Amino acid sequence: MALDRALLLASAVELGPSLLGSLISHTTPEGTVTIRLSELEAYVGNGVDPGSHAHRGKTKRNASMFGEPGHLYAYFTYGMHVCGNIVCSPEGQPSGLLMRGGEVVEGIELARHRRTTTNTDRDLARGPGRLAVALGIQLADDGSDVFAPPFLLRAGGQSGRVLSGPRTGVSGPGGSSSYPWRFWIEGDPTVSPYKRHPRAE
DNA sequence: TTAAGGATTGACT
DNA sequence: GTCAATCCTTAAT
């Protein structure tokens, strides 16, 4: 499968399964880390998706999601974590794929160095916040082009069947299971655990 | 201007 | 299994 900016003109919901297994690299003076994506979540906004940051329109934070496809939407959450999205759909249409989990296939030493609290290699990029740290994504990388240095997004040999299900951790009208827009590779050990139940209820 | 909550993780019982 | 950490964004005074 060819993977370029033109492909990303489709909506995140359609692209989720296609982008599983893709390889994303980030090069810094410290070295290069490449992650094979095993889990993604689609967000579309435009009033359609109550769970999306873009649901209520364009703001300073989510401006990147409204921009050109193939760029990064990095946001800060829970006072301590950064998460990274790949922006999809034509400019003006907010749509993105949250990178929730993956396997470090290059630069594993550097990823281990960044993730001091994790012991096993499997957990290095298992979860959105962890993946961002392992890959070296920071808030300053918001809006970066994933097809240009220091980033690089390319197709990878996809292995395994793609499954889909309800998204995690999303609240709002309709609850977290309104849309089956979470995609992962069947049986992949780097898919994040499916639970999350905030104190509320 | 002030208050509430979050696309989570890691530590602790 | 339960719960605190921590700060930015959004909504309500």
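Remember, it's a predicted structure, so these values are computed and weren't measured experimentally. We name chains A, B, ... by the order of the sequence lines, and we start the count at 1 in each one.
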Minimum heavy-atom distance between A:Ala74 and A:Gln138, given as atom pair plus value: CB-O, 3.9 Å
Cluster link A:Ile137 to A:Phe147, ILVMFWY, side chain under 4.5 Å: yes
Short side-chain N/O contact to B:dT9 OP1/OP2 from A:His81, under 4.0 Å: no
Can you check nucleotides 11-13 of chain C for protein contacts, nitrogen or oxygen pairs under 3.5 Å, and list what you find?
| residue | atom | partner | partner atom | Å |
| --- | --- | --- | --- | --- |
| C:dA11 | OP1 | A:Arg56 | NE | 2.2 |
| C:dA11 | OP2 | A:Arg56 | NE | 2.9 |
| C:dA11 | OP2 | A:Arg56 | NH2 | 2.6 |

Residue pair A:Arg100 / A:Leu131: nearest heavy atoms and the distance that separates them: C-CD1, 4.3 Å
No-hydrogen, no-angle side-chain donor-acceptor test under 3.5 Å, A:Glu39 and A:Ser192: yes
Residue A:Pro128, side-chain heavy atoms: nucleotide from C:dT10, B:dT9, B:dA7 that is nearest: B:dT9
Selected nucleotide, minimal atom distance to A:Arg61 side chain, candidates C:dT9, B:dA7, B:dT9: C:dT9
Heavy-atom pair with the smallest gap, counting every atom of A:Gly129 and A:Cys83: N-SG, 4.3 Å
Dot-bracket encoding per residue of DNA chain B, Watson-Crick/G-U cut-off under 3.5 Å, | denoting interstrand: ||||||.|||||.
Set of residues satisfying ring-ring contact (aromatic ring centres under 6.0 Å, His included) with respect to A:Tyr75, sequence neighbours excluded: A:His53, A:Tyr73
A:Thr77 vs C:dC7: side-chain N/O to OP1/OP2 distance below 4.0 Å: no
Shortest non-hydrogen contact between A:Asp49 and A:Tyr43, atoms and distance: OD2-CA, 3.5 Å
Rounded distance in Å - CE (A:Met80) to P (B:dA11): 11 Å
Distance-minimising heavy-atom pair for A:Leu3 and A:Arg154: CD2-C, 3.4 Å
Between B:dA7 (P) and A:Arg130 (CZ): distance, integer Å: 18 Å
From CA spacing to verdict: side chain to side chain contact (heavy atoms under 4.5 Å, CB included), A:Leu40, A:Met99: CA-CA 5 Å; A:Leu40 298 167; A:Met99 299 182 281; 4.1 Å; yes
Please enumerate all protein N or O atoms sitting under 3.5 Å from an N or O of nucleotides 1-3 of chain B, with distances to 0.1 Å.
none

Positions of residues 64-76 of chain A (non-hydrogen atom under 4.0 Å from DNA chain B), listed by number: A:Met65, A:Tyr73, A:Tyr75
Rounded interatomic separation in angstrom, taking CG from A:Asp142 and P from C:dT9: 10 Å
Residues which pass side chain to side chain contact (heavy atoms under 4.5 Å, CB included) with A:Arg56, listed by chain and number, not counting sequence neighbours: none
Short side-chain donor-acceptor distance under 3.5 Å, A:Thr190 and A:Arg36: no
Between P of B:dG6 and OH of A:Tyr78, the distance in whole Å: 6 Å
